[in-house]
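Everything below concerns the one structure shown next.
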Amino acid sequence: PENVEYTLNSTIIIPTGVPNASITLVALDDQLDETNEQVIIDIGLVTNGIEANLPTGGERKTVTIIDNDLTPTVTLTVGKTNIDEGTLNPTVATTTTSVTAVLSKVSGIDVTITLGKSGTPKENIDYTLNSVIFIPAGTVSGFVTLASKDDLFDEEHEKVVIDIISTTNAIEETVQQRVVTILDDDPEPTVTLSVGATTIPESGGSTTVTATLSAVSNFEIIASLLPTGTTRSSDFTLPTSIFIQAGSLSGTVTLAAVH
């Protein structure tokens, strides 16, 4: 805009007996990184003369103002570094945090920051986070929200690793990486024991022994077995433990009678 980016008098006076005259266009400096800008100058009105080249559009000249401001750098910040997985205790649970991109100075053009996401949790299963932060021209920062998603799995606390993978109209200030930990809120599952047949023949008899969890766990579960009773250890075979794989609800072993 005139008087913001440049100054230019609106009238050129050519004195009598002189073939030409001029005025000066002066660029005005600012601190905004911006695209090169063009000032288009037309003849609006002529007194005591006729504008040349009217059949082909008249007189029009363009002056380009070359921007000389440095591209801003961008840093990444997060609001909270630890958030809760869910709302087991809704009065104190915090399940979101902001991820903010901050420019070193206001820019005259829009800035976009593309985020990379890694770590142990799975996006859209354990959390949601938009991949792009948009900073409008004239502002110094923009943010997106990381929100955890609740599940029923007992699991380790999980870390979301956030990086900048690309920028438009800004430069990453050194390597920007932030970590947000999602705190698991699920209790350890309980385990119950069951058998298939409660009576088996001494010769060739067998039955299953099953350990069942109250909820699926993301940990591997080992239930150690301690057989007692009137039988001797030589009267039967039975593994010393039942193994339940992560993501499974139960595991089974076989008790076999020995004749």
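Residue numbers run from 1 in the order of the sequence given. Because the structure is predicted, anything quoted here is derived from the model rather than measured.
Counting only distance, with no hydrogens or angles, the side chain of His157 and the backbone of Asp184 share a donor-acceptor pair below 3.5 Å. Distance alone, capped at 3.5 Å, is enough to place a donor-acceptor pair between the Ser214 side chain and the Thr190 backbone. Although no hydrogens or angles enter the test, the distance criterion places no donor-acceptor pair under 3.5 Å between the side chain of Asp235 and the main chain of Val258.
Val63 and Ile12 fall within the same hydrophobic cluster, where Ile, Leu, Val, Met, Phe, Trp and Tyr residues are linked whenever their side-chain heavy atoms come under 4.5 Å apart, directly or through other members. When the side chains of ILVMFWY residues are joined at heavy-atom separations under 4.5 Å, either directly or via intervening members, Val102 and Val74 end up in two distinct hydrophobic clusters. In the hydrophobic cluster analysis, where Ile, Leu, Val, Met, Phe, Trp and Tyr join through side-chain heavy atoms closer than 4.5 angstrom, Ile65 is grouped together with Ile41. Cluster annotation: Leu183 and Tyr127 are assigned to distinct hydrophobic clusters (Ile/Leu/Val/Met/Phe/Trp/Tyr, side-chain heavy-atom contacts under 4.5 Å, transitive). In the hydrophobic clustering of this structure, Val140 groups with Ile164; members are Ile, Leu, Val, Met, Phe, Trp, Tyr whose side-chain heavy atoms approach within less than 4.5 Å, directly or through other members.
The structure places CG of Leu146 at 9.0 Å from CD of Glu123, a figure rounded to the nearest 0.5 Å. Separation of atoms NZ (Lys80) and OG1 (Thr96) is listed at 8.5 Å; rounding is to 0.5 Å. Distance check: Thr240 OG1 to Leu226 CG gives 10.5 Å after rounding to the nearest 0.5 Å. To the nearest 0.5 Å, the span separating CG on Leu45 from OG on Ser10 amounts to 12.0 Å. Atom CZ of Arg178 and atom OG1 of Thr77 lie 7.5 Å apart (nearest 0.5 Å). Annotation: the span from Asp84 atom CG to Thr95 atom OG1 amounts to 7.5 Å, rounded to 0.5 Å.
In the model, Lys159 has no side-chain atom that pairs as donor or acceptor with a side-chain atom of Thr120 under 3.5 Å. Using modelled atom types, one finds no donor on one side chain facing an acceptor on the other under 3.5 Å when comparing Gln176 with Asp163. Residues Thr208 and Thr254 have side chains that never bring a donor and an acceptor to within less than 3.5 angstrom of each other. In this structure, a donor-acceptor pair under 3.5 Å is present between the side chains of Ser131 and Lys117.
Closest of all the heavy-atom pairs between Ser250 and Thr212 is CB-OG1, 3.9 Å. Summarising the geometry of Pro201 relative to Ala257, their closest heavy-atom pair is O-CB, 3.5 Å, with the distance given to 0.1 Å. Of all heavy-atom pairs between Phe134 and Thr112, the closest is CD1-CG2, 3.7 Å. Residues Thr145 and Leu129 approach most closely at O-CD1, 3.6 Å, considering heavy atoms. Residues Leu249 and Ala215 approach most closely at CD1-C, 3.8 Å, considering heavy atoms. Contact detail for Val78 and Thr97: the closest heavy-atom pair is C-OG1, 4.4 Å.
Within a 6.0 Å sphere centred on CD1 of Ile13, heavy atoms belonging to other residues, nucleotides or ligands number 12 at most. In Glu2, the CD atom is crowded: over 12 heavy atoms of neighbouring residues, nucleotides or ligands sit closer than 6.0 Å. Heavy atoms of other residues, nucleotides or ligands lying less than 6.0 angstrom from CD of Glu188 number 12 at most.
Here Arg60 pairs with Asp42 in a salt bridge; the nearest charged N to carboxylate O distance falls below 4.0 Å.
Taking the side chain as every heavy atom from C-beta outward, Thr94 and Asn82 never approach each other to under 4.5 Å. Looking at Thr167 and Val111, their side chains never come closer than 4.5 Å, going by heavy atoms from C-beta outward. The closest side-chain heavy-atom distance from Leu213 to Ile221 is below 4.5 Å. Counting heavy atoms from C-beta on, the side chains of Thr100 and Thr75 never come closer than 4.5 Å. Counting heavy atoms from C-beta outward, Thr64 and Val39 have side chains that stay 4.5 Å or more apart. Between Lys122 and Glu158 the shortest side-chain heavy-atom distance does not fall below 4.5 Å. Looking only at side-chain heavy atoms (C-beta outward), Asp186 and Glu85 come within less than 4.5 Å of each other. For the pair Asp67 and Glu37, the minimum side-chain heavy-atom distance is 4.5 Å or more.
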Can you list the steps and then say if Tyr6 with Val26 is a side-chain contact (heavy atoms from CB on, under 4.5 Å)? CA-CA 5 Å; Tyr6 68 95; Val26 179; over 6 Å; no

Kindly indicate, with the supporting measurements, whether the criterion side-chain contact (heavy atoms from CB on, under 4.5 Å) is fulfilled by Val209 and Val253. CA-CA 5 Å; Val209 180; Val253 294; 4.0 Å; yes

Before giving the answer on side-chain contact (heavy atoms from CB on, under 4.5 Å), spell out for Val216 and Phe153 the whole-Å C-alpha distance, their side-chain angles and the decisive distance to 0.1 Å. CA-CA 6 Å; Val216 172; Phe153 300 135; 3.6 Å; yes

Give the C-alpha distance, both sets of side-chain angles, the deciding distance and a yes or no for side-chain contact (heavy atoms from CB on, under 4.5 Å) between Thr81 and Val179. CA-CA 7 Å; Thr81 55; Val179 177; over 6 Å; no

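Checked against Ile23 for a side-chain contact (heavy atoms from CB on, under 4.5 Å), the options Thr11, Leu8, Thr7 give a single hit: Leu8.
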